[in-house]
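Working notes for the structure below.
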Amino acid sequence: MNSPIPLSLASHPPADERELLRRADALAGYTLWELSAQAGLPIPANLKRDKGWIGVLLERYLGARAGSKPEQDFAAIGVELKTIPVDSGGRPLETTFVCVAPLTGNSGVTWETSHVRYKLARVLWIPVEGLRTIPLARRRIGAPLLWSPNAEEELQLRRDWEELMDLIVLGKVERITARHGEVLQLRPKAANGRALTAAVGEFGQQILTLPRGFYLKKNFTAQLLARHFLL
DNA sequence: GATTGATCATGG
DNA sequence: CCATGATCAATC
C-alpha cells in the first residue's frame, strides 16, 4: 500500500501549489514510522507530551518553515498546512485550531481583514490516522486536500466570527462557551490555567482572562473532507 | 461516545 | 506573554 514515490525530505519551500501538492501526494500511504525514520526524528511513546509532533514531522517533508510567526506555513504561495487526525472512516477526531483570538484593540476590525479569514483562505489538509488504538508508529498519512472555503463555508465562518467578535468587543468574553458558533468556536488556548491575558470586561474595564483561540468544529472539517472523497 | 475546557512542548 | 504545532481528559 506504500506510495511508489520514494520518501524525501524537503530542503526548501515549494515554489507553487503544484509542487506542494506533489510533495504531499508522495507522503500518502506511508506510516509515521517510515517518515520518522527517514527524517531521523525519534517517535515519542505517545502524543501526550508531544502534541505537535506529527505537524512538525510533516513540515519537514513539505518544506514549511518552522517558527512562531502569525503567518501561513507557506507564506510565499499563500497556503496554510493543517494535519488533521481522522478515524477509519476519514472523519475528524479533533477540532482544528485556527489562530489566537484578539481580545483587545478590536474597534473597527472586520471579517475581511481578520486573522481567521487569512489563515483559512487556502489550506492544505493532510489527514492522519489518529485513533489511539493504533500505535503511533503504525498510523498512516492520508491523501492531501488543497482547499479554499466555498461561498457557503465562508458565510458560515463569517457569521460565527462576527458573533464571537461582537461578544468579545462588548466585554462578554467570559460568557462565551464552545457552544457558540455553528462551525467556528472560541475555546481556551493556553499553556495552563495560570496564563492570563488582557481583555475587555463587562463594564468596559480591563480584565485578565485565559487566552482564547478560534477552532473549527468537527462538523465543518468533516464536511469539507467528505466533499473531497465524494468528488 | 461526543464535547468542552484544560493542557503540553518549543522558540522568540 | 504570544505565537507555532495540536491532543488530553473530565464531564456532559
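In the text below, chain A, chain B and the rest are named by the order of the sequence lines, each starting its count at 1.
Remark: A:Lys48 is in phosphate contact with C:dA9, judged by side-chain N or O atoms under 4.0 Å from OP1 or OP2. Using a 4.0 Å cut-off, no side-chain N or O of A:Thr95 falls inside it from OP1 or OP2 of B:dT3. Phosphate contact (OP1/OP2 of B:dA2, side-chain N/O of A:Lys218, threshold under 4.0 Å): absent. Taking side-chain N and O atoms only, A:Arg187 has no distance below 4.0 Å to OP1 or OP2 of B:dT4.
Between A:Ala198 and A:Thr83, the residue anchored closer to the 5' end of DNA chain C is A:Ala198, taking for each the nucleotide with the nearest heavy atom. Looking at which nucleotide of DNA chain C each of A:Ile84 and A:Glu71 is closest to, the 5′-most match is held by A:Glu71.
If you take CG of A:Leu57 and C1' of C:dT4, they are 16 Å apart, rounded to a whole angstrom. For A:Leu32 and C:dG5, the CG to P distance is 18 Å, given to the nearest whole Å. Between A:Phe97 atom CZ and B:dT7 atom C1' there is a gap of 14 Å when expressed in whole angstrom units. Put simply, CG on A:Asp73 is 9 Å from C1' on C:dG5, counting in whole angstrom units. Rounded to an integer number of Å, the gap from CG of A:Leu93 to C1' of C:dC8 is 13 Å. A straight line from CD of A:Glu182 to C1' of B:dT3 spans 17 Å, rounded to a whole angstrom. Atoms CG (A:Asn192) and C1' (B:dA9) sit 12 Å apart, rounded to a whole Å. Look at CG on A:Leu210: it is 8 Å from C1' on B:dA6, rounded to the nearest Å.
Nearest to the side chain of A:Leu47, among B:dA9, C:dG5, C:dC8, sits C:dC8. Relative to the side chain of A:Thr197, the nucleotides B:dG5, C:dC2, C:dG5 differ in distance, and C:dC2 lies closest. Closest approach to the A:Arg194 side chain among B:dT7, C:dG5, B:dG5 is made by B:dT7 (side chain taken as heavy atoms from C-beta onward). Here the side chain of A:Lys189 is nearest to one of C:dG5, B:dA9, B:dA6, namely C:dG5.
A:Tyr61 pairs by the side-chain hydrogen bond (donor to acceptor under 3.5 Å, both in side chains) definition with nothing, not counting sequence neighbours. Residues that satisfy the ring pair (Phe, Tyr, Trp, His ring centres under 6.0 Å) test with A:Phe97, not counting sequence neighbours, are A:Tyr215.
Nucleic acid contact class of A:Ile54 (heavy atoms, under 4.0 Å, all strands): none. A:Gln72 comes within contact range of no nucleotide atom at all, as no heavy-atom separation falls under 4.0 Å. Backbone-only contact: A:Gly55 has heavy atoms under 4.0 Å from sugar-phosphate atoms and none from a base. Among the atoms of the strands shown, none is found under 4.0 Å from any heavy atom of A:Lys217.
A salt bridge does not link A:Glu129 to A:Arg140: none of the charged side-chain nitrogens sits closer than 4.0 Å to a carboxylate oxygen. Using a cut-off of 4.0 Å between Lys/Arg side-chain N and Asp/Glu carboxylate O, A:Glu112 and A:Arg158 are scored as salt-bridged.
Clustering ILVMFWY residues whenever any of their side-chain heavy atoms sit less than 4.5 angstrom apart, transitively, puts A:Ile168 in a cluster other than the one holding A:Leu170.
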Output side-chain donor-acceptor pairs under 3.5 Å for residues 141-149 of chain A, partner residues at least two apart or in another chain, one line each.
{"unit_1": "A:Trp147", "atom_1": "NE1", "unit_2": "A:Glu153", "atom_2": "OE1", "d": "3.3"}
{"unit_1": "A:Ser148", "atom_1": "OG", "unit_2": "A:Ala121", "atom_2": "O", "d": "2.8"}
{"unit_1": "A:Ser148", "atom_1": "OG", "unit_2": "A:Arg122", "atom_2": "NH1", "d": "3.0"}

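Between A:Leu81 and A:Glu59 the shortest side-chain heavy-atom distance falls below 4.5 Å. Put simply, the side chain of A:Glu182 reaches to within 4.5 Å of the side chain of A:Arg159, judged on heavy atoms.
Within the model, atoms OH of A:Tyr118 and OG1 of A:Thr113 stand 13.0 Å from one another, a figure rounded to the nearest 0.5 Å. Rounding to the nearest 0.5 Å places CG of A:Leu32 at 7.5 Å from CZ of A:Arg139. Separating the CD atom in A:Glu71 from the NE2 atom in A:His115 is a distance of 9.0 Å, to the nearest 0.5 Å.
Looking at residues 120-137 of chain A, you'll see that no heavy atom sits under 4.0 Å from any atom of DNA chain B. Within a heavy-atom distance below 4.0 Å of DNA chain C, the residues of residues 99-109 of chain A found are A:Val100.
Remark: the A:Arg212 side chain and the A:Thr209 side chain contain an N/O donor-acceptor pair separated by less than 3.5 Å.
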Please write out each protein N/O paired with an N/O of nucleotides 10-12 of chain C under 3.5 Å, distance rounded to 0.1 Å.
none

Worked check of side chain to side chain contact (heavy atoms under 4.5 Å, CB included) between A:Phe214 and A:Met165: CA-CA 11 Å; A:Phe214 286 110; A:Met165 289 305 296; 3.8 Å; yes
